[in-house]
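Data first, discussion second: the structure below is written as structure tokens.
Keep in mind that this is a model prediction, so the values were computed, not measured. When reading the values below, keep in mind they use all heavy atoms of this one structure, side chains included, and skip hydrogens, waters and symmetry mates.
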Amino acid sequence: MKYLPINSQLFIKNRAKFASQMKPNSVALFNSNDIYPVSADSTLPFAQHRDIFYLSGVDQEESVLLIFPDAPYAHLREVLFLRETNEHIAIWEGEKLTKERAFEVSGVRTVYWLSDFHKILKEVMTYADTAYLNTNEHYRASVETETREDRFIKWFKATYPAHKVERSNPILQRLRSVKEAEELALIKHACDITEKGVRRILPFVKPGVMEYEIEAELIHEFVRNRSKGFAYTPIIASGKNANVLHYIENNRACLAGDLILLDVGAEYANYSSDLSRTIPVSGRFNARQKEVYNAVLKVKNEAAQLLTPGTLWKEYHLEVGKIMTSALLDLGLLTPPDVQNENPDWPAYKKYFMHGTSHHMGLDTHDYGLLHEPMQANMVFTVEPGIYIPEEGFGIRLEDDMVIQPQGAPINLMANIPIEAEEIEHLMNS
């Protein structure tokens with residue numbers, strides 16, 4: 001792994017939190033992700049399942065974590081199963097975790113090779129009444145591929161039909177949404193790498209540069225700072241492309257006078273950052289662009305102040321809608337009759353700002369979190385308003401990552417990344 005070692009105390013704490021929420025005499029099981037095929041013998045780069053990483057720090061395929069707090073024998077209370085390594089694997093694929101190294105990474109003392117899994121599990125299930133199985137219940141999830149976890153769940157239910165089954169996801173949704181100090185430091189590090197990328201491309205951008213050249217500069221800076229790369233597919237959207245919310249082609253020339261909407265973020269140690277900035281191709285905003293830009297920035301700053309403990313996500317978005325409506329009226333994009341006659345289910349401001357303002361962020365860019373429950377301290381949310389004006393040929397989005405505090409305003413993990421129009425112009429012309 002490119003990232004530096006993470007103290008195993010983080011994963012020990014995470015497992016203890018999860019175990020405290022389990023029913024008596026129950027076992028929980030977590031699988032790593034598959035390595036997904038492309039064609040022939042080609043595969044996609046491995047990306048670890050965030051849940052097993054959150055609970056163990058193991059960042060390797062063909063791994064299983066077992067948690068059984070009430071096991072009658074201490075050695076069965078936490079168990080890791082790993083693919084057995086050998087000299088042949090080391091030569092052809094590189095070093096894999098040894099049992100000793102797995103303990104250093106995870107803090108789990110009992111480590112078996114995966115070949116022993118079925119035998120050990122059979123013993124465990126003679127002691128346990130209930131099994132927690134790990135399903136993907138994220139509100140944005142739309143998965144058509146059968147995952148390793150899916151296959152395991154089908155196998156488990158067929159093999160142990162008499163046992164009760166519980167879902168681990170509701171526990172993880174709550175636990176993962178509130179970050180430990182170590183997690184906040186990792187997210188902040190990802191944000192700092194993103195800052196280096198932004199500062200690299202500001203003086204690089206000129207009329208005629210291709211969107212993919214900007215993407216290349218960013219990935220260069222990310223990887224040289226121990227990131228695997230982008231936390232999500234990058235958006236480098238110049239001119240009218242900025243009005244396509246998930247534009248990812250990144251293949252157009254950036255023209256003089258246009259704006260470029262950048263929605264990019266580095267990952268670090270599987271933790272995400274999520275940034276949006278909008279910059280002028282020619283190094284200067286024109287008067288109208290700056291007027292709209294400053295309106296979006298004002299909405300972002302005001303929206304961020306609402307991210308406080310006790311806030312409900314749905315009510316928060318209603319308040320941000322009011323702030324955006326006022327901004328659009330000031331810009332002349334909406335009229336008072338537009339607002340008076342709006343459809344409550346699709347308010348007038350949605351014509352120019354059609355997406356949400358904030359989402360949980362952490363190990364996943366759209367991280368775990370139950371949106372119907374109040375916000376809590378140490379949750380991380382994006383704040384990302386935008387105004388998209390197809391008839392004027394540009395769109396502007398600004399986004400930072402905020403940590404909710406016990407009291408007062410949130411902390412902006414991206415406070416050092418240039419955002420004021422004048423600073424961006426200065427850096428682009430330095």
Side-chain angles (χ1 to χ4, degrees), residues 10-33 48-58 63-71 77-79 121 124-125 128-143 145-157 160-161 163-180 183 187 270-272 309-317 356 358-382 404:
L10 170 62
F11 310 113
I12 292 170
K13 283 190 291 185
N14 289 346
R15 289 194 299 277
K17 287 187 295 184
F18 185 90
S20 72
Q21 300 298 309
M22 295 171 65
K23 291 185 175 182
N25 212 37
S26 61
V27 60
L29 295 149
F30 302 91
N31 283 271
S32 62
N33 273 337
Q48 182 59 293
H49 195 299
R50 300 305 191 241
D51 290 334
I52 193 172
F53 182 83
Y54 173 80
L55 293 166
S56 71
V58 170
S63 305
V64 182
L65 172 67
L66 182 153
I67 301 175
F68 187 10
D70 297 331
R77 290 171 192 163
E78 293 183 343
V79 185
L121 182 63
V124 164
M125 297 314 296
D129 299 321
T130 302
Y132 281 84
L133 303 180
N134 196 28
T135 53
N136 184 352
E137 300 175 29
H138 191 274
Y139 67 100
R140 293 191 185 213
S142 179
V143 182
T145 303
E146 185 177 57
T147 66
R148 188 180 187 89
E149 204 79 90
D150 294 332
R151 296 195 304 276
F152 175 78
I153 289 170
K154 285 201 293 189
W155 173 85
F156 181 91
K157 288 181 175 180
Y160 298 101
H163 283 75
K164 299 173 189 173
V165 170
E166 292 285 342
R167 294 145 49 230
S168 62
N169 192 263
I171 298 174
L172 287 167
Q173 289 270 9
R174 291 186 174 91
L175 295 183
R176 277 183 48 184
S177 66
V178 180
K179 273 56 179 178
E180 294 287 342
E183 294 181 283
I187 297 169
N270 292 311
Y271 283 84
S272 295
T311 298
L312 290 170
W313 184 83
K314 189 172 182 180
E315 293 177 1
Y316 163 79
H317 279 95
S358 295
H359 58 77
H360 286 275
M361 205 206 66
L363 275 169
D364 288 297
T365 304
H366 298 123
D367 206 20
Y368 281 3
L370 297 170
L371 297 180
H372 63 279
E373 296 189 353
M375 297 179 185
Q376 300 179 47
N378 291 334
M379 287 182 172
V380 181
F381 279 90
T382 64
I404 294 179

request  = Quick one: closest heavy-atom pair of A128 and V27, and the distance?
outcome  = CB-CG1, 4.1 Å
query = Below 4.5 Å, heavy atoms only, C-beta onward: do E373 and Q173 meet side chain to side chain?
reply = no
request  = Quick one: do R15 and I67 satisfy side chain to side chain contact (heavy atoms under 4.5 Å, CB included)? Show the steps, please.
outcome  = CA-CA 8 Å; R15 289 194 299 277; I67 301 175; 4.2 Å; yes
ask   = Taking the side chain as C-beta and beyond, is there a heavy-atom pair between L121 and L66 under 4.5 Å?
value = yes
ask   = NE2 of H163 to NZ of K157: how many Å apart, nearest 0.5 Å?
value = 14.5 Å
query = When rounded to the nearest 0.5 angstrom, what is the spacing between CD in Q376 and OG in S177?
reply = 6.0 Å
inquiry  = If you count every heavy atom of other residues, nucleotides or ligands that lies below 6.0 Å from K13 atom NZ, does the total exceed 12?
reply    = yes
ask   = Checking N14 side chain against F11 main chain: does a donor-acceptor pair fall under 3.5 Å?
value = no
task = To the nearest 0.5 angstrom, please state how far the NE2 atom of H360 sits from the NZ atom of K179.
result = 7.5 Å
request  = Write down the atom of R50, the atom of L363, and the distance for their closest heavy-atom approach.
outcome  = NE-O, 3.0 Å
message = How long is the straight-line distance from CG of L175 back to OG of S20, given to the nearest 0.5 Å?
response = 7.0 Å
key: Side-chain heavy-atom pair L133, F152 within 4.5 angstrom cut-off   = yes
note = In this structure, CD1 of I153 is separated from CG of N134 (nearest 0.5 Å) by 7.0 Å
key: Exam field: side chain E146 to backbone R151, donor-acceptor pair closer than 3.5 Å   = no
inquiry  = Looking at K23 and D129, is there a salt bridge between them, counting it only when a charged N and a carboxylate O are closer than 4.0 Å?
reply    = no
request  = List for me each residue that meets ring pair (Phe, Tyr, Trp, His ring centres under 6.0 Å) alongside Y368, sequence neighbours excluded, and say none if there are none.
outcome  = none
query = Is there side-chain contact between S272 and D367, with heavy atoms separated by less than 4.5 Å?
reply = no
task = Search all heavy atoms of R148 against all heavy atoms of S32 and return the closest pair with its distance.
result = CD-O, 3.1 Å
request  = Compare every heavy atom of F68 with every heavy atom of S26, then report the nearest pair and how far apart it is.
outcome  = O-CD1, 3.2 Å
task = Would you please test N136 and E149 for side chain to side chain contact (heavy atoms under 4.5 Å, CB included) and show each step?
result = CA-CA 9 Å; N136 184 352; E149 204 79 90; over 6 Å; no
ask   = Is there a side-chain contact between S63 and I52 (heavy atoms, below 4.5 Å)?
value = yes
note = The side chain to side chain contact (heavy atoms under 4.5 Å, CB included) partners of Y139 (sequence neighbours excluded) come to H359, L371
task = Evaluate the side chain to side chain donor-acceptor pair (under 3.5 Å) criterion for residues E137 and T135: first the C-alpha distance (whole Å), next the side-chain angles of each, then the deciding distance (0.1 Å), finally the verdict.
result = CA-CA 6 Å; E137 300 175 29; T135 53; 2.6 Å; yes
query = Which heavy-atom pair separates I404 from P309 by the least distance, and what is that distance?
reply = CG2-CD, 3.7 Å
message = Quick one: does any side-chain atom of Q48 pair with a main-chain N or O of N33 as donor and acceptor, under 3.5 Å?
response = yes
key: Which atom of W155 lies closest to which atom of Y160, heavy atoms considered   = CH2-CE1, 4.1 Å
request  = May I ask you to test the Y132-V165 pair for a side-chain heavy-atom distance under 4.5 Å?
outcome  = no
key: Point-to-point distance, once rounded to the nearest 0.5 Å, from CG of D364 to OH of Y271   = 10.5 Å
query = Do V380 and I187 come close enough that some side-chain heavy atom pair is under 4.5 Å?
reply = yes
remark   = Taken in chain and number order and not counting sequence neighbours, the residues that satisfy ring pair (Phe, Tyr, Trp, His ring centres under 6.0 Å) with F30 are F18
message = Using ring pair (Phe, Tyr, Trp, His ring centres under 6.0 Å), reason through W313 and Y316 one step at a time and then give a plain yes or no.
response = CA-CA 5 Å; W313 184 83; Y316 163 79; 8.1 Å; no
ask   = Is there side-chain contact between P69 and M22, with heavy atoms separated by less than 4.5 Å?
value = yes
